[in-house]
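Computed from heavy atoms alone, side chains included, the values below leave out hydrogens, waters and symmetry copies. All of these numbers come straight from a predicted model, not from anything done at the bench.
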Amino acid sequence: NLRKEQPLLNHRLRKAALAGAAVALVNPRRYELNYPATQVACGPQEMAAALAAIGKALKAKAKGIAGKLIGSAKPGSEEKQIARVLAEAGQGAVFIGALGRAHPDYAVLRDLGAAIAQAAGCVLGAIPEANSVGACLAGALPQCGPGGSRVERAGSDALDMLTRPRAAYLLLGAEPGFDFWNPRLAHEAFAKANCVVALTAYRSPSLEECAHVMLPVGLFPETSGTFVNAEGRWQGFSGAVSPPGEARPAWKVLRVLGNLLDLPGFEYVHSEQVRDELAALCGPLEGNRVDSSGIGELRFAAGELIRIGEVPIYAVDPLVRRAAALQQTVEGDAASIRLNEQQAEKLGLAGAQRVTVGQDGVRVAMPLVIDPGLPDGCVGVPAAVPGTEDLGNPFGTVTLEKG
């Protein structure tokens, strides 16, 4: 959903479309766009099949599950049209966005996207979120070292650290109910831990429930630092104001913790020293790169009712979540259950005011909203908003009932 994920990139795409470029989207719902485009809206459980059909029309090749899906796919008129346009474009691109990376079948979607791009002679890219490019360059991903280099032995990712609970956790700017792919799993893991330390700018009920210690840190406007944007451009900034009270920039708190533990590499005095050392380890960026492994695993079964848990743009971090004016805009998406009219009638929920959604053993009642943009078999329940903090992952199986 580029209008919400990357507005500047969406503007470029709009200018290209108005100049004659062909645009197609495969998404779990239809969006209101500001340029002409072909939209294939299918449930999360059908997205891999939709991409496989495009791949089949292109005679694409892939390994593993992606290859099997392409081999058994039966392209329809829309998939054939998208494949034809990609093959004839001369200059084409295949991008994977935030909804794709949050999808349980992401590995399969990635492999299918790579196969489509290769068969059509297109560029393959990932549309990054926030400072995720900077995080990769800093070595914050389990498979990456400083400069984005590959490490011999990958570390644990966040999901692994929650499914196999640790004795202690250090949280940086994260609220368990809103900032994790599976809030329910995060709550359970932190409840079992012997020690949870949170570096946070805000107190919140979910943090007070699980944290043994909360250390106050400043928000990003209260510190200096560097972002790396989707284009690979480094963008440095200074703090607009000082952190309030005893709060300190988070990097300084981490530095002091490293000093107390006698760890090497924690002698920095200014954030610019961290930036300069990292920049020296980074070569020139060649644009977005998405690796293809061919080891995907399908996680959805046919016939299930699947949640689509998008994160509203004013729910993406603790600062905007607490901005009262932003929450009063049309983008301040409150907790609700969304269905298309036919799906509501099929489930016997037509005319209901409130509906209870069940996921991972948790049941929450919310207002029902009829949304024609959603495909059959799908339920729109936003993530990272009050009322959804006890639910599971944003693309999980759910149940619905009146009341």
Side-chain angles (χ1 to χ4, degrees), residues 128-142 144-149 151 155-158 161 166-180 186 190 193-229 232-282 316-323:
E129 300 170 277
N131 195 26
S132 58
V133 177
C136 178
L137 293 175
L141 299 179
C144 294
S149 60
V151 296
S156 296
D157 58 32
M161 288 188 279
R166 271 46 176 178
Y169 291 93
L170 177 64
L171 309 181
L172 174 55
E175 296 181 281
F178 302 124
D179 294 316
F180 287 85
F190 299 150
N194 297 328
C195 180
V196 177
V197 178
L199 278 60
T200 179
Y202 296 104
R203 299 176 71 108
S204 70
S206 61
L207 276 178
E208 291 179 337
E209 179 182 341
C210 72
H212 298 85
V213 178
M214 287 191 282
L215 301 177
V217 297
L219 294 163
F220 76 88
E222 299 166 346
T223 182
S224 58
T226 302
F227 291 129
V228 183
N229 70 8
R233 191 184 302 272
W234 291 52
Q235 300 172 310
F237 58 91
S238 300
V241 295
S242 298
E246 297 297 314
R248 294 291 182 270
W251 75 270
K252 288 189 175 182
V253 178
L254 292 173
R255 184 200 63 193
V256 172
L257 289 175
N259 294 153
L260 294 172
L261 292 168
D262 294 324
L263 297 177
F266 283 82
E267 295 78 30
Y268 306 104
V269 177
H270 305 289
S271 65
E272 290 80 7
Q273 292 175 295
V274 183
R275 177 201 62 199
D276 294 344
E277 183 175 330
L278 178 60
L281 297 173
C282 296
V316 295
D317 63 47
L319 181 60
V320 296
R321 286 197 286 264
R322 289 168 171 80

Report the distance from atom OG1 of Thr200 to atom CG of Leu171, rounding to the nearest 0.5 Å. 9.0 Å
Can you measure from OG (Ser132) to CG (Leu141) and round to the nearest 0.5 angstrom? 8.5 Å
Steps toward side-chain contact (heavy atoms from CB on, under 4.5 Å) verdict (Val197, Leu215): CA-CA 8 Å; Val197 178; Leu215 301 177; 4.2 Å; yes
Which pair of non-hydrogen atoms, one from [X] and one from [Y], has the smallest distance, and what is that distance?
| X | Y | answer |
| --- | --- | --- |
| Ala201 | Leu219 | CB-CD2, 3.6 Å |
| Val151 | Cys144 | CG1-C, 3.7 Å |
| Leu199 | Val253 | CD2-CG1, 3.8 Å |
| Thr226 | Arg275 | OG1-CD, 3.3 Å |
| Asn259 | Phe266 | ND2-O, 2.8 Å |
| Pro318 | Gly173 | CG-O, 4.0 Å |

Between the main-chain N or O of [Y] and the side-chain N or O of [X], is there a donor-acceptor pair closer than 3.5 Å?
| X | Y | value |
| --- | --- | --- |
| Asn131 | Val228 | yes |
| Glu277 | Gln273 | no |
| Tyr268 | Trp251 | no |

Between the side chains of [X] and [Y], does any donor sit under 3.5 Å from an acceptor?
| X | Y | answer |
| --- | --- | --- |
| Arg248 | Thr223 | no |
| Ser271 | Ser224 | yes |
| Tyr202 | Glu175 | no |

Tell me every residue that passes side chain to side chain contact (heavy atoms under 4.5 Å, CB included) with Ala174, counting only those two or more places apart in sequence or in another chain. Asp179, Phe180
Hits for side chain to side chain contact (heavy atoms under 4.5 Å, CB included) against Glu209, two or more places apart or cross-chain, chain-then-number order -> none
Determine, stepwise, if the pair Val196 / Leu170 fulfils side-chain contact (heavy atoms from CB on, under 4.5 Å). CA-CA 6 Å; Val196 177; Leu170 177 64; over 6 Å; no
Answer yes or no: does atom [atom1] of [X] have more than 12 heavy-atom neighbours from other residues, nucleotides or ligands under 6.0 Å?
| X | atom1 | value |
| --- | --- | --- |
| Glu208 | CD | yes |
| His270 | NE2 | no |
| Arg203 | CZ | no |

side-chain contact (heavy atoms from CB on, under 4.5 Å) evaluation trace for Trp234 with Phe227: CA-CA 6 Å; Trp234 291 52; Phe227 291 129; over 6 Å; no
Do [X] and [Y] have side chains that approach each other closer than 4.5 Å (heavy atoms only, starting at C-beta)?
| X | Y | answer |
| --- | --- | --- |
| Ser156 | Pro142 | no |
| Asp317 | Phe178 | no |
| Arg322 | Ser204 | yes |

Tell me every residue that passes salt bridge (charged side-chain N to carboxylate O under 4.0 Å, His left out) with Glu222, counting only those two or more places apart in sequence or in another chain. none
